[in-house]
Protein chains: 2
Amino acid sequence: MTTIRDVAKKAGVSVATVSRFLNGSGYVSADAAKAVAEAVEELEYELNPVARSLNTKRSSLIGLILPDITNPFFPELARAVEDVALSYGYTVILCNSDEDPKKEKNYIETLKKKYIAGFIVTSNQLDAPHYADTKLPIVALDRAINEKIPVVASNNKEGAVLGTNALLERGCKNILFLRGPEALNPANDRYDGFMEAIGKSDVDYRIVTCPFHYADSQKIVERELQANPEIDGIFASSDVSAAGALKAAAVLGRNVPDDLQIVGFDGIAMGEMLSPGLSTVAQDVYKMGAIATRVLIKRIENTPLEESFYEVPVKLVLRGTTRSVE
Amino acid sequence: MTTIRDVAKKAGVSVATVSRFLNGSGYVSADAAKAVAEAVEELEYELNPVARSLNTKRSSLIGLILPDITNPFFPELARAVEDVALSYGYTVILCNSDEDPKKEKNYIETLKKKYIAGFIVTSNQLDAPHYADTKLPIVALDRAINEKIPVVASNNKEGAVLGTNALLERGCKNILFLRGPEALNPANDRYDGFMEAIGKSDVDYRIVTCPFHYADSQKIVERELQANPEIDGIFASSDVSAAGALKAAAVLGRNVPDDLQIVGFDGIAMGEMLSPGLSTVAQDVYKMGAIATRVLIKRIENTPLEESFYEVPVKLVLRGTTRSVE
DNA sequence: ATAGTATGTGTAACCGGTTACACATACAGC
DNA sequence: GCTGTATGTGTAACCGGTTACACATACTAT
């Protein structure tokens, strides 16, 4: 393996000059730069990142902490993070936390020892001390931590208004809102949006809390639809719940979208594959991941940040679970 | 930060003894071991993995190279790899290759510089020189490389026999087989299985090549169903294609499973959420990932391997796109 | 002429581990 | 007693970079 000393010898300069040239730091004369560049070229020298890390206590690793990559929301996010990270020369370490503070803490400790450059985090434990105390750059996704940590999130409230209005405009008179877990910020924002939009109308509605889980959602919606047959619209706080609702409707023989219209939230790929295709408030998950990564890299590289809150717009995607508006 | 020298001083021994104790290498007397253990405890010493890597040219990083984490097959795989890696003290680096040999090569080069311990790879480029030449431990998933590289794969052929027989037993008389891309080993194994099973029957069949892509599959199946209305069973080489087929059936008003039965292949989570639920030949993706990771770690740690080919059984999962057998 | 600043370079210590090698001791077998 | 082997330990070089600091020169301002 070629080392910086080999390059220095070949170029007839000292290792310090080579290092300065390589890092663009300090003074290097044009002559020296040329000699070093040639030596690097000829010897096909490549810098050893491990040796560099040992000194600088920095690396080009980024930790991506998320609850579970298996959750359909996250693969696209991970993809975006990885794409952007790669383009800036960073490498992504995947960490499934299961929302377990112990696992999160453990990852942070382990990766700190590897001199990780920063973290992108999706978690509800974000106020936990292991984040607050970390000196490392962190960017939060979807859920706010504290003022010092930048956040990238969808415009959940506006999205919920959009979704609710879509049902109202299409003639729904009795809407069931599947509210997400109250521990989740985005779920609460969606709830706020629903309340705002429904408050401006005069239609009846019901609210039921419902985990982001397919089978549970199906069960809950079956129960609700049987107990309240007058329901003619469902707005779900997640596509997975909406898929459960759609299944419940199918099981009960309710005709979607003629008797019952459904709108989900998230915009996961699966929505397209359902029959009928799921109308939904789509988040631009890729964009969220991409922005979060760019923001993180700016923090890592000490580029000043313009903002500390990045809101990504959502988009109403209408498919088969809603009628066309008259 | 506490270093090995601090520990040595506190324990009244040399750094060499501490290092030997920490690594369980060489001779360390009971007295010395006790003193070092106590010093480590008191100082809360933690070994610096970067410094270690620089010497040993090894790390506890594992590279997971896959085409695209967004493809529904891979998140569960990644999850399994991560879980097992974590339990053995390894960290997973996520690499989306898009099946692009350049990207793959680039990842391998980059990660080699970081002294990565080994790779788990899903790729069709596996015979490419950047794999063959790599001295590092590699385990291939789903697709064979060369004899030196262990492979973990589903029993695709048997799975296809299982899936085909499921349709035959349920009275299908005219089966459409959606064959996967011919460049893919697993797709070809599934084709072989289909041919074997169908050959033992006397029913009619058609074969059409079909990418693992939802919308394309839908289009192809719509065309086929219109041209060949006698088709009463579809066996798809992937669940995504099966989902497209199901959509096509819905669009054409074909009743599933009464007029038309569908069986997919893969067992991705989405299958459950479709209406009717998708019958499929499910791969145990988690298990594949877990085995691959254990095999890789054995190779990394030079534990001898019993085998070089690990076949994971598949399972027929019957849901709503097939009838109950009379 | 003189001080002060910008430019340019090299030496050597340092990051925090691992390990080759030298050396010491204990005990076995002959 | 002597040789050989197993056990135990420390010194110092090494992994491959970064960087503080000392030193040298050129140029500007006074």
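The chains referred to below are lettered A, B, ... by the order of the sequence lines, with proteins before strands, and numbering in each begins at 1.
Rounding to the nearest 0.5 angstrom, the gap separating the CD atom in A:Q283 from the CZ atom in A:F73 is 4.5 Å.
Residue A:Y45 is classed as a sugar-phosphate contact, given heavy-atom separations below 4.0 Å to backbone atoms only. Residue-level contact check: A:V50 touches neither bases nor backbone, having no heavy atom under 4.0 Å from any strand. Base contact: A:S19 has a heavy atom under 4.0 Å from a base atom.
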Between B:R79 and B:D83, is the salt bridge (charged side-chain N to carboxylate O under 4.0 Å, His left out) condition met? List the steps.
CA-CA 6 Å; B:R79 176 73 213 228; B:D83 283 352; 3.1 Å; yes

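Considering only heavy atoms from C-beta on, B:K112 comes within 4.5 Å of B:L136 through its side chain.
Taking five base pairs at each end of the helix from C:dA1-D:dT30 to C:dC30-D:dG1 and finding the rotation axis that steps the C1' atoms of four pairs onto the next four gives two axes whose angle is 40°, to the nearest 10°.
The nucleotide whose nearest atom lies closest to any side-chain atom of A:A51 is, among C:dG10, C:dG17, D:dG16, D:dG16. Across C:dA20, C:dG10, D:dG17, the shortest atom-to-atom separation from the side chain of A:S14 is found for C:dG10. Here D:dT7 is the nucleotide among D:dT7, D:dG10, C:dT18 with the atom lying nearest to any side-chain atom of B:Y27.
Between B:K57 and the phosphate of D:dG16, there is a side-chain N or O to OP1/OP2 separation shorter than 4.0 Å. Phosphate proximity of C:dT19 to B:S25: absent, as no side-chain N or O sits under 4.0 Å from OP1 or OP2. The phosphate of C:dT18 (OP1 or OP2) has a side-chain N or O of B:N23 nearer than 4.0 angstrom.
Between the CG atom of B:N55 and the P atom of C:dT18 there is a distance of 7 Å, rounded to whole Å. Nucleotide D:dT18 holds its P atom 15 Å from the OH atom of A:Y115, rounded to whole Å.
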